[in-house]
Amino acid sequence: MSIEAPSAQDLAALAKRFGLEPSDADLSAFEAFAGGLRVSYDWLDEQTEPQPPRFAGERLPGHAPRDAENPYNAWAWMSDIRGSASGPLAGIRIGVKDNIAVAGLPMRNGSRTLGNFVPTIDATVVTRILEAGGTIAGKTTCEDLCFSGGSHTSWPAPVRNPRKPGHAAGGSSSGSAAAIAAGDVRMCLGGDQGGSIRTPSSWCGTVGLKPTHGLVPYTGIFPVEPTLDHCGPMGRTTEDVARLLAVIAGPDGLDPRQHKTVVRDYISALNLPLHGLSVGVVRQGFGRPESDLATDETVRDALKVLQQNGAEVEEVSIPWHPDGFHVYTAIVLEGIAEMMLKGNAMGYGWQGYYSTEMLEAFAGHWRSRPDELPLAAKFVLLASEYMRDKYHGRHYAKAQNLRPAFRAAYDEALQRFDVLAMPTIPFRAPPLPETDCGPEATILHSFNMEGNTGPFDVTGHPAISVPCGAVDELPVGLMFVGKAFDEISVLRAAHHAESLARAGGR
C-alpha cells in the first residue's frame, strides 16, 4: 500500500512548528519532492525484514496469571515454553522481564501504552536461554515503561515484596526479584538503566548483576537510552546468576552497544578463594543524605566478616561518586526523552536491529493516548523538552563528555582493588505508597534510591547486589563493582559474601 505523501497544507502546518515561513513557491516545490519520496518508501514497505534467530521449538500462548498463582503481582503472563532437551539450563524455569520480547506472548512493559502488542520475535537472550535448555516460565511484571525504582507504578497492580508484603519490591525489574524471592523460579532476566536489577535484588534479598555495558546483547528489548541500557541475570544465589550469565553473554552481531566484548568462564568464579581478594570500601557510598544507619552498619559488618575470613579490605575515597549522579541525571533525562518518547522507542542513528513492530505498537498507542504515559514519563518528556528548547542539549552533551573522566575515577581505584564495595541501596525497602498518595510522592518513590546504583550505568562497570543481612525482616544488599568485563571478580566477591552470610559469619 502506497504511503500518504504530505500536501502543501500539511507542510505549511509543520513549518509553523519550527518557526519557518516558506513561500507558496517553496511549498509547491516541497510538495512535489515529498511526493517523489513515495517511490523509496513504497519500495521499503514491500520488503521483508530479516529477523533475529529464533528457537524453533513448539510454544503455547500461555495465560494471564490467576490470583492464586500471583499473590505478589510478580507475574504479567504465565507460560511454559520449553527449550532444548539438554544444555546448561536444562529443566530450569526462568522468568523474563516484560520489556523483553518473547514471540507469541504479550509484551506490556508494565504499561497500557503498548496496547495489546504481541511480538513475533524473540530477544537474543530468550533464544539463548531456550537453546541452553531453559524453560520460559512467563513474563515478570515491571514498572510502567520501566520509569520507576519502586514497585508502585506497574500496571495493573503494584508488586509486593515477598519478604514483607506491605513494602516495595524495588524496580523496575520488580516482578523478577519478587518471583525469585517467592520461590516461583530460581532465575530471571532483568534490565538496568539506573539500578533496576540491583534495587529489587537488594530489597527482596536476591542476587542481581548488572553486567558490563554491552556484555549481554540488548536486541529485542524495549530500550530506554542506549548508552545506559543493560540486560542481566537475577537469581536466588550467585551461582544461579553465574550460570545464567554464561548463557546470555557475548555478541550477537545485532546490538551496537556491544563493542570489544570480552566473555569469560563465569562459573569458575565460584571456585576462586576468598583469601587475597582485595576490596575497596567506597567512603562516599555510606552516610549519604538518604542513608539509613542500620543499612550502613549491616554492610560494614558484612565487609568485616570478609576481612576476618581472608579478604583484604580497605577504605577508599572516590570524590566523583556523589557528583557522578549529576552526570547520570542529564543523560537519563534528555536521553530517554529523545530515544524512547520522541524517538518512539527505537530512535535514530545507530546500526543494529530495529524492532519495527515494537516501534509501531508503542508510538501508535501512546501518541494517540498520551495521558496513559506514567507520571514520571510525563515529567521527563516536559523537563527534557524545556532543557532542549532553552539550552539546546548542551547539558546532555557535556554529561556525555564527562563520562570518561567519571569512569576513570573508578578505574583508578580499581587499579588498587579487585572490587569496590558499598550498600546497593542506602536504605531498606520502604512501605508501598498509597495509590492516592499524590503526584509528588509518586515521583519521589520512583527515583529516590539511585544514588549508589545510577553512576555505574553511566560508567558501564559490572555491579552486583548480594544480600548480606536483614533488619526488621527487610533485606540489605551489598554491592560489589569491578573492572570492565571482570565479572569474575564481582561474582567471586559476591559468592563469598553470600556464603559467609548464610553461615552466620563463620
Heavy-atom pair with the smallest gap, counting every atom of G150 and S148: N-OG, 2.9 Å

Would a 4.5 Å heavy-atom cut-off, applied to side chains only, mark Y218 and Q258 as touching? no

Which one of V327, T459, L402 satisfies the side chain to side chain contact (heavy atoms under 4.5 Å, CB included) criterion with R407? T459

Quick check: do T153 and L145 have side-chain heavy atoms less than 4.5 Å from each other? no

Classify the ring geometry of F456 against H461: parallel below 30°, tilted from 30° to 60°, perpendicular beyond 60°. perpendicular

Strictly distance-based, threshold 3.5 Å: is any side-chain N or O of Q284 a donor or acceptor partner for the main-chain N or O of I318? yes

Student check: side-chain heavy atoms of V316 and V281 closer than 4.5 Å: no

Expected output: side-chain R163 to main-chain E473 donor-acceptor under 3.5 Å: no

Pair E290-N448, side-chain contact (heavy atoms from CB on, under 4.5 Å): steps then yes or no: CA-CA 8 Å; E290 73 274 25; N448 66 345; over 6 Å; no

With no hydrogens and no angle check, do the side chains of Y391 and E334 hold a donor and an acceptor under 3.5 Å apart? no

Taken to the nearest 0.5 Å, the spacing of C142 SG from M107 CE works out to 8.5 Å

Can you tell me how far the CD atom of E372 sits from the CH2 atom of W366, to the nearest 0.5 Å? 12.0 Å

Minimum heavy-atom separation for P200 and S174, please, with both atom names. CB-CA, 4.3 Å

Has D472 got a side-chain atom pairing as donor or acceptor with L474's backbone, closer than 3.5 angstrom? no

Do R428 and K164 pass the side-chain contact (heavy atoms from CB on, under 4.5 Å) test, and can you show the C-alpha distance, the side-chain angles, and the key distance before you say yes or no? CA-CA 11 Å; R428 291 160 289 148; K164 204 167 186 179; over 6 Å; no

salt_bridge(R112, D144) N-O dist < 4.0 Å: no

How far apart are the closest heavy atoms of A169 and W203, and which atoms are they? O-CB, 4.0 Å

Pair S465-T424, side-chain donor/acceptor within less than 3.5 Å: yes

Any side-chain to backbone donor/acceptor pair from E357 onto T120? Under 3.5 Å, distance only. yes

CD (E412) with more than 12 external heavy atoms under 6.0 Å: no

Please walk me through it: do M358 and I121 pass side-chain contact (heavy atoms from CB on, under 4.5 Å)? CA-CA 10 Å; M358 186 190 303; I121 68 162; 5.9 Å; no

With the side chain counted from C-beta on, respond yes when E225 and Y396 share a heavy-atom pair under 4.5 Å apart, and no when they do not. yes

Report yes if some heavy atom in the side chain of P52 is under 4.5 Å from a heavy atom in the side chain of Y353; otherwise report no. yes

Can you give me the closest heavy-atom contact between P223 and M346, atom names plus distance? CD-CE, 3.7 Å

Test R388 against every option in H392, E385, K390 by the side chain to side chain contact (heavy atoms under 4.5 Å, CB included) rule and name the one that passes. E385

Less than 4.5 Å apart, side chain to side chain, heavy atoms only: is that true for V185 and W75? yes

Backbone N/O of G62 and side chain of S79: donor-acceptor pair under 3.5 Å: no

Side chains of I197 and M234: does their closest heavy-atom pair fall under 4.5 Å? yes

Distance-minimising heavy-atom pair for T295 and P423: CG2-CB, 4.2 Å

Using a 3.5 Å distance criterion without hydrogens, assess whether the side chain of D457 forms a donor-acceptor pair with backbone atoms of G194. yes

side-chain contact (heavy atoms from CB on, under 4.5 Å) assessment of I129 paired with L189: CA-CA 10 Å; I129 286 170; L189 291 175; 3.7 Å; yes

Please report the shortest heavy-atom distance between K97 and S173, naming the atom on each side. NZ-OG, 3.0 Å

May I ask you to test the S196-H230 pair for a side-chain heavy-atom distance under 4.5 Å? no

For N452, does its backbone N or O pair with a side-chain atom of H321 as donor and acceptor, under 3.5 Å? no

For V126, the option from I248, L105, V102 that meets side chain to side chain contact (heavy atoms under 4.5 Å, CB included): V102

Please answer whether the main-chain N or O of H365 pairs with a side-chain N or O of S368 as donor and acceptor at a distance below 3.5 Å. yes

Residue set satisfying side chain to side chain donor-acceptor pair (under 3.5 Å) with R54, at least two apart, ordered chain then number -> none

How long is the span from the NZ atom in K210 to the CD1 atom in I464, to the nearest 0.5 Å? 11.5 Å

Taking the side chain from H167 and the backbone from A429, do they hold a donor-acceptor pair closer than 3.5 Å? yes

